[in-house]
Amino acid sequence: MNSVILIGNLTTDVELRELGDEKRLAKFGLAVDRGGKDSETDFFRVSVWDRQAELCADYLAKGRKIGLEGRLRYSTWEDEGKKRSAVEVVAYRVEFLSGPAGSGAEVMPFEAAAAAAA
């Protein structure tokens, strides 16, 4: 089973790329606090596809809080003769939570954003 659920804040603005007719890819960074007395933070790269990618690009920015469900994807490649690898989260559901503290940004869950955009 490959399933992940995360709640955190965007560390970057959303980068949206068009990869052909009706094929979109959004990428952004996500910081997730572990909690507890020695609270540490984990950082993830997140990818979102197609219509949901467009909604993320329209409504999210650095600092926004989100919840997501998805899976992990492991990639390997060579860079200047050195083997590299990375793990990223491929999100299939993104829930828009509160904005950054003091921003006054509205909370817009994915279902509401999808309905508004349809």
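None of the values given here were measured: they were computed from a predicted structure. Along the sequence shown, residues are numbered consecutively beginning with 1.
The side-chain heavy atoms of K23 and W49, taken from C-beta on, include a pair separated by under 4.5 Å. Between V48 and F28, the closest side-chain pair of non-hydrogen atoms falls below 4.5 Å. Taking the side chain as every heavy atom from C-beta outward, D42 and R34 approach each other to under 4.5 Å. Using a 4.5 Å heavy-atom threshold, the side chains of F43 and L30 count as separate. Residues S75 and R84 fail the side-chain proximity criterion, which asks for heavy atoms closer than 4.5 Å.
G8 and V32 get closest at one heavy-atom pair: CA-CG2, 4.3 Å. The heavy-atom pair separating S3 from Y92 by the smallest distance is OG-OH, 4.2 Å. In terms of heavy atoms, L25 sits closest to S47 at CD1-CB, 3.9 Å. Here the closest heavy-atom approach between residue K62 and residue D13 is recorded as N-OD1, 2.8 Å. Annotation for A91 and V46: closest pair CB-CG1, 4.1 Å, computed over non-hydrogen atoms. The two atoms that bring T12 and G29 nearest to each other are OG1-N, 2.9 Å, heavy atoms only.
Distance alone, capped at 3.5 Å, is enough to place a donor-acceptor pair between the R64 side chain and the L97 backbone. In this structure, the side chain of E22 does not engage the main chain of D50 through any donor-acceptor pair within 3.5 Å. A donor-acceptor pair under 3.5 Å links the side-chain atoms of N2 to the main chain of L72, judged by distance alone.
Atom CG of L10 and atom CG of L60 lie 5.5 Å apart (nearest 0.5 Å). Y59 OH to I66 CD1: the interatomic distance, rounded to the nearest 0.5 Å, is 15.5 Å.
Using modelled atom types, one finds a donor on one side chain and an acceptor on the other under 3.5 Å when comparing T41 with D33.
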ask   = Stepwise, does the salt bridge (charged side-chain N to carboxylate O under 4.0 Å, His left out) test hold for E88 with K27?
value = CA-CA 10 Å; E88 73 176 325; K27 291 192 172 220; 3.6 Å; yes

task = For the pair V94 and F96, evaluate side chain to side chain contact (heavy atoms under 4.5 Å, CB included) and give the outcome as yes or no after the intermediate values.
result = CA-CA 6 Å; V94 177; F96 302 165; 3.5 Å; yes

ask   = Hey, mind stepping through R17 and E15 against salt bridge (charged side-chain N to carboxylate O under 4.0 Å, His left out) and telling me if it holds?
value = CA-CA 7 Å; R17 290 191 286 176; E15 300 171 25; 6.0 Å; no

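Using a 4.0 Å cut-off between charged nitrogen and carboxylate oxygen, R24 and E54 count as a salt-bridge pair.
Under a cut-off of 6.0 angstrom, the local environment of CD1 in I7 is sparse, with at most 12 non-hydrogen atoms contributed by other residues, nucleotides or ligands.
In the hydrophobic cluster analysis, where Ile, Leu, Val, Met, Phe, Trp and Tyr join through side-chain heavy atoms closer than 4.5 angstrom, Y74 is grouped together with V89.
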